[in-house]
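Order of appearance sets the numbers: ligands from 1, and atoms from 1 within every ligand.
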Amino acid sequence: MNIKVVNTINQTRNEIATARQQGKSIALVPTMGALHDGHLSLIQQAKKLCDYVAVSIFVNPTQFGPNEDLDKYPRTLDNDINLCESERADLILAPSSKEIYPTANFTWVNVDKLTKTLCGSTRDGHFQGVCTVVAKLFNIFMPDKAFFGQKDAQQLAVIRQMASDLNFPIDIIGCPIIREPDGLAMSSRNRYLSGEQRTQALVINKALQLGQKLFAGGMIKSQDIINKLSKMIQQQPLAKIDYISIVDKDLMHELDTIDRPALLALAVYIGNTRLIDNIVLDPKD
Ligand code: PAF
């Protein structure tokens, strides 16, 4: 096996230092494991843009709320290692919680404004946990570039803002959503779905497509689009809307009228599984 798997910050720093001495540029792909083709597309993009690709696999407890799925979040490390190996990644850091949070944590990274809408409005403290762990990972790996999926569009925008505000010398690279052939966005949480739930989950992408069609047909009032999508989703008995929202694509504040590049984003519970997806609506297209 060519890939190196380590568990500690010290080992990680040593491996990265060696790669740096060899003049290599460093990519970081932060993940929580349970890897799927979406993650692999991040690794593939990282391979294209950097000489040395590091992947972190850490189910970060601080980004889960008290009633969320931290305990049952899928942990598939052996399979994840094999997948990273077959994508020819160079390094995996798979640390324990104690390694990342050795003592009670008193320092938190909070990004204002961009975290007030969408997932930030229904998952209290989520982005504080994400930003804090990503800042830690940036300090551990000190990569040239870091790769994040557009499926978590708000996370990507928030991390871009954090990297800029805190002067991390790291390019934040956003990568497109990878979908199953029937349109369901890939997610580690899809494996929670039963057969019937999996079928009803297709309404999420169908609703986004309807939104795009309505917008292309001239509907530019956000509420009009949201009403139509709500109606469609409510027809699925196992679906419960967490939010449907249209926001400025970069700043994430809600838009009454789509008069600039916008993100149509939604979160829907299918049974107990909360799934998110989004699409860009751009008046220039
Ligand atoms: O997108 C994820 O998997 C996580 O939020 C991240 C960025 C790895 C931080 O824990």
Student: In chain order, what residues pass the salt bridge (charged side-chain N to carboxylate O under 4.0 Å, His left out) check against Arg20, with sequence neighbours excluded?
Tutor: Asp144
Student: Determine whether a donor-acceptor pair (N or O, by modelled atom type, separation under 3.5 Å) exists between the side chain of Gln63 and the backbone of Gln128.
Tutor: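 Pair absent, no side-chain N/O of Gln63 close to backbone of Gln128.
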Student: Can you classify the ring geometry of Phe58 versus Tyr101 as parallel (below 30°), tilted (30 to 60°) or perpendicular (above 60°)?
Tutor: tilted
Student: Within the 4.0 Å heavy-atom shell around Val133, which atoms of ligand 1 are there?
Tutor: 9 (C), 10 (O)
Student: Test salt bridge (charged side-chain N to carboxylate O under 4.0 Å, His left out) on Asp171 and Lys145 and set out the steps.
Tutor: CA-CA 5 Å; Asp171 284 342; Lys145 299 185 194 297; 2.8 Å; yes
Student: Could you tell me which atoms of ligand 1, counted from 1 in the order shown, lie closer than 4.0 angstrom to a heavy atom of Thr31?
Tutor: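 Result: 8 (C).
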Student: To which protein heavy atom is atom 3 (O) of ligand 1 closest, and what is the distance rounded to 0.1 Å?
Tutor: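 It is Met32 CG, 3.6 Å.
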Student: Nearest protein heavy-atom contact for atom 10 (O) of ligand 1: which residue, which atom, what distance?
Tutor: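 It is Gln63 OE1, 2.6 Å.
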Student: How far apart are the C-alpha atoms of Gln11 and Thr8, what are their side-chain angles, what is the distance that settles it, and do they pass the side chain to side chain donor-acceptor pair (under 3.5 Å) test?
Tutor: CA-CA 5 Å; Gln11 288 168 308; Thr8 69; 2.9 Å; yes
Student: Could you work out, with side-chain contact (heavy atoms from CB on, under 4.5 Å) as the rule, every residue matching Gln209, not counting sequence neighbours?
Tutor: Asn205
Student: Pull out every atom of ligand 1 sitting under 4.0 Å from any heavy atom of Pro30, numbered as shown with elements.
Tutor: 8 (C)
Student: Return a yes/no value for Asp152: is any of its N or O atoms, backbone included, closer than 3.5 angstrom to an N or O of ligand 1?
Tutor: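 Not met; the criterion fails.
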Student: Tell me, which protein residue and heavy-atom name are nearest atom 2 (C) of ligand 1, and how many Å apart are they?
Tutor: Gln155 NE2, 3.9 Å
